[in-house]
Amino acid sequence: MRKPKVGRMVLATCVGSFIIAVVYFQTSLKPAAEQGSGRADWQGKSGRSPLQTLYEGDQLDLSAAQVTHQGRRELLEDACHTYTRKRRVLIPEDLKHLIVDDQHRLLYCYVPKVACTNWKRVMMVLTGDGRYSDPLKIPANEAHVAGNLRTLSEFSTAEINHRLRTYLKFVFVREPFERLVSAYRNKFTRHYNTAFHKRYGTKIIRRHRADPQPEALDRGNDVSFEEFVYYLVDPRTQREEPFNEHWERVHSLCHPCLIHYDVVGKYETLEQDSRYVLQLAGAEAEVRFPTSAKSTRTTGDMAAQFFHNISPFYQKKLYNLYKMDFLLFNYSTPDYLKFR
């Protein structure tokens, strides 16, 4: 197994009319303790931070998991070097999806439609000082209330850099088109999502449906998947406003080529990877990641059905839009696509 490379991290913040750029170096082989900011202030049960547990690797008998996640980190690093032309400066706006747990030294970048409701519930248990014990007793809407969890963007530049350097950073990803179909199904085919219908559905119908009925223009509640695809690939869409987080690309939400993620969990191995993160954090006795028995979960076969009526031309345009997520997280081009 090769040695992890030193990764360069840059964070900028504005103070008045000046831009302050803070640069530091981070290495996977030298976690918090070896960088002079770990053992002294870490109060975990074992006296070790999650980064120490991960990279020193002498407390947990998880060799198979360690090999898997080391492989994912290396594949991500290689893809970043291959497919990103230049590094840019991080700004606080880039860090709004990184949830902070100071007690367990965790940074979690949440990605909608990749079990983020349950992970937010878990983070509420971990950061709640005993207010919560069972994640599933936390209502889903409460898990998404702004202010219930702190994000990294709320901290000062020095505090941000300290946490990026010394906390375990993890993200969960999913096959991009399964995630996209899941977002469509949830936001455009459920009668209760009237806010999305009004906010996005009406615009999609007005712009991408020939001769729409007045009721459809008013309600926006019957957007087809084809119309949703037209909306996504229309250059005007992103010129006018950023994508909604539910269909924004993971690399745009979590910046995996700028932030060194220690664990890249996958939706396809959600339970194992979630258990691994909680073990690294020494929190497996505090909380268990909720298991899901949903029969309505969006699968590859289901995604294939939605793409059946999308022309090869638009399949190609959509794939190009999400291509970086396929490449960075080692997902193959789906067999059902017809443009190849």
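Computed over heavy atoms, backbone and side chain alike; hydrogens, waters and symmetry mates excluded. The structure displayed is predicted, hence computed values, not measured ones.
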Subject >> Close side-chain approach of L54 and L168, heavy atoms under 4.5 Å >> reply: yes

Subject >> Donor-acceptor under 3.5 Å (R185 side chain, V181 main chain) >> reply: no

**OP:** Under the ring pair (Phe, Tyr, Trp, His ring centres under 6.0 Å) rule, what do F177 and W247 come out as? Steps first, then yes or no, please.
**Re:** CA-CA 10 Å; F177 283 170; W247 47 85; over 10 Å; no

**OP:** Taking all heavy atoms of I259 and all of C254, pick out the closest pair and write down the distance.
**Re:** CD1-O, 3.8 Å

Subject >> Shortest non-hydrogen separation from K120 to I99 and the atoms involved >> reply: CG-CD1, 3.9 Å

**OP:** Quick one: sort the Y336 and F307 rings into parallel, tilted or perpendicular, breaks at 30° and 60°.
**Re:** tilted

**OP:** Evaluate the side-chain proximity of H97 to P112: yes if any heavy-atom separation is below 4.5 Å, no if none is.
**Re:** yes

**OP:** Check whether the side chains of D78 and H81 place a donor and an acceptor atom closer than 3.5 Å, and report yes or no.
**Re:** no

Subject >> Side-chain touch T333/Y319, heavy atoms, less than 4.5 angstrom >> reply: yes

Original post:
Would you say N148 and V145 make side-chain contact, with heavy atoms under 4.5 Å?
Top reply: yes

**OP:** Applying side chain to side chain contact (heavy atoms under 4.5 Å, CB included), run through C116 and V111 and close with a yes or a no.
**Re:** CA-CA 6 Å; C116 81; V111 178; 5.8 Å; no

Would you mind writing out the side-chain donor-acceptor pairs for residues 121-129 within the sub-3.5 Å range, not counting sequence neighbours?
{"unit_1": "R121", "atom_1": "NE", "unit_2": "I138", "atom_2": "O", "d": "2.9"}
{"unit_1": "R121", "atom_1": "NH1", "unit_2": "N118", "atom_2": "OD1", "d": "2.7"}
{"unit_1": "R121", "atom_1": "NH2", "unit_2": "I138", "atom_2": "O", "d": "3.3"}
{"unit_1": "T127", "atom_1": "OG1", "unit_2": "M123", "atom_2": "O", "d": "2.7"}

Subject >> Evaluation steps, side chain to side chain contact (heavy atoms under 4.5 Å, CB included), between V100 and R163 >> reply: CA-CA 9 Å; V100 179; R163 284 163 177 78; 4.0 Å; yes

Subject >> Main-chain N/O of M302 paired with Q305 side-chain donor or acceptor, under 3.5 Å >> reply: no

Original post:
Are the side chain of N193 and the backbone of N186 linked by a donor-acceptor contact shorter than 3.5 Å?
Top reply: yes

Subject >> OG1-CD distance between T269 and E271, expressed to the nearest 0.5 angstrom >> reply: 10.0 Å

Subject >> Transitive ILVMFWY side-chain link V287 to L136, under 4.5 Å >> reply: no

Original post:
Which atoms form the tightest heavy-atom contact between E175 and S332, and what is the distance?
Top reply: OE2-O, 4.4 Å

Subject >> Centroid separation F313 to F339 less than 6.0 Å >> reply: no

Original post:
With a 3.5 Å cut-off and no angle check, do the side chains of Y132 and E142 form a donor-acceptor pair?
Top reply: yes

Original post:
Residues two or more places apart in sequence or in another chain: which of them pass disulfide (SG to SG under 2.5 Å) with C80?
Top reply: C257

Original post:
Could you walk me through whether L164 and L152 pass the side chain to side chain contact (heavy atoms under 4.5 Å, CB included) check?
Top reply: CA-CA 9 Å; L164 284 172; L152 195 57; 3.8 Å; yes

Original post:
Counting distance only, does the side-chain N/O of D262 pair as donor-acceptor with the main-chain N or O of K169 below 3.5 Å?
Top reply: yes

Original post:
Within the distance-only criterion (no hydrogens, no angle test), does the side chain of Y184 pair as donor or acceptor with the backbone N or O of V223 below 3.5 angstrom?
Top reply: yes

**OP:** Name the orientation class of the two ring planes belonging to H162 and Y167 (parallel below 30°, tilted from 30 to 60°, perpendicular beyond 60°).
**Re:** perpendicular

**OP:** Let me see the working for L318 and L180 under side chain to side chain contact (heavy atoms under 4.5 Å, CB included), right down to the final yes or no.
**Re:** CA-CA 10 Å; L318 192 68; L180 186 65; 3.7 Å; yes

Original post:
Just by modelled atom types, is the Q52 backbone N or O under 3.5 Å from a matching donor or acceptor in the S49 side chain?
Top reply: yes

Subject >> Side-chain heavy-atom pair V171, P256 within 4.5 angstrom cut-off >> reply: no

Original post:
What pair of heavy atoms forms the shortest contact from V173 to V250, and how long is it?
Top reply: CG1-CG1, 3.9 Å

Subject >> Within 45° cone of F196 ring axis and under 6.0 Å: K187 NZ or CZ >> reply: yes

Subject >> E77 versus H260, side-chain donor and acceptor atoms under 3.5 Å >> reply: no

Original post:
Should the pair F172 and Y108 be assigned to parallel (<30°), tilted (30 to 60°) or perpendicular (>60°) ring geometry?
Top reply: perpendicular

**OP:** Could you list all the salt bridge (charged side-chain N to carboxylate O under 4.0 Å, His left out) pairs where at least one residue sits in residues 213-225, not counting sequence neighbours?
**Re:** K198-D218, R209-D222, E215-R219

**OP:** Spell out, as yes or no, whether a donor-acceptor pair under 3.5 Å connects the side chain of E154 to the backbone of T151.
**Re:** yes

**OP:** Give a yes or no on whether the backbone of D325 and the side-chain of R249 come within a donor-acceptor separation of less than 3.5 Å.
**Re:** no

Original post:
Salt bridge check: are R239 and D234 linked by an N-O gap of less than 4.0 Å?
Top reply: no

**OP:** Assess K266 against Y331: is NZ or CZ under 6.0 Å from the centre of the six-membered ring, and within 45 degrees of the ring's axis?
**Re:** yes

Original post:
How are the rings of F306 and F225 set relative to one another: parallel (under 30°), tilted (30 to 60°) or perpendicular (over 60°)?
Top reply: perpendicular

**OP:** List in chain and number order the residues that pass salt bridge (Lys or Arg N to Asp or Glu O under 4.0 Å) with R206, two or more places apart in sequence or in another chain; answer none if no residue qualifies.
**Re:** none

Subject >> T202 (side chain) donor-acceptor with G220 (main chain) under 3.5 angstrom >> reply: no

Subject >> Closest heavy-atom pair and its distance - A115, Y267 >> reply: N-CE1, 4.0 Å

Original post:
Can you find a pair of side-chain heavy atoms, one from K113 and one from R174, that are under 4.5 Å apart?
Top reply: yes

Subject >> Atom pair CZ (R297) and OG (S182), whose distance is rounded to the nearest 0.5 Å >> reply: 9.5 Å

**OP:** Would you kindly say whether R73 and Q70 are connected by a side-chain donor-acceptor distance under 3.5 Å?
**Re:** yes

Subject >> Set of salt bridge (Lys or Arg N to Asp or Glu O under 4.0 Å) partners for K203, sequence neighbours left out >> reply: E241

Original post:
Is the backbone N or O of L232 less than 3.5 Å from a side-chain atom of K317, with the two atoms forming a donor-acceptor pair by type?
Top reply: no

**OP:** Answer yes if the side chains of N244 and Y200 hold a donor-acceptor pair under 3.5 Å, and no otherwise.
**Re:** yes

**OP:** Name all residues meeting the salt bridge (Lys or Arg N to Asp or Glu O under 4.0 Å) criterion together with R207; count only those two or more places apart in sequence or in a different chain, and write none if there are none.
**Re:** E240

Subject >> E226 side chain to H208 side chain, donor-acceptor N/O pair below 3.5 angstrom >> reply: no

Original post:
Can you tell if the side chain of H144 reaches within under 4.5 Å of the side chain of T117, non-hydrogen atoms only?
Top reply: yes

Subject >> Smallest separation among heavy atoms of I205 and L217, with atom names >> reply: CG2-CD2, 4.1 Å

**OP:** Decide if the gap between the ring center of F170 and the ring center of Y261 is smaller than 6.0 angstrom.
**Re:** no

**OP:** Test R88 against D94 for salt bridge (charged side-chain N to carboxylate O under 4.0 Å, His left out), laying out the working first.
**Re:** CA-CA 11 Å; R88 70 169 180 80; D94 296 325; 3.0 Å; yes

Subject >> Minimum side-chain heavy-atom gap V263-D273 below 4.5 Å >> reply: no

Original post:
Does F155 have R150 sitting over its ring (NZ/CZ under 6.0 Å from centre, angle to axis within 45°)?
Top reply: yes

**OP:** Indicate whether the side chain of S156 and that of E159 have a donor and an acceptor atom separated by less than 3.5 Å.
**Re:** yes

Original post:
Are W119 and Y110 near enough that their ring centres are under 6.0 Å apart?
Top reply: no

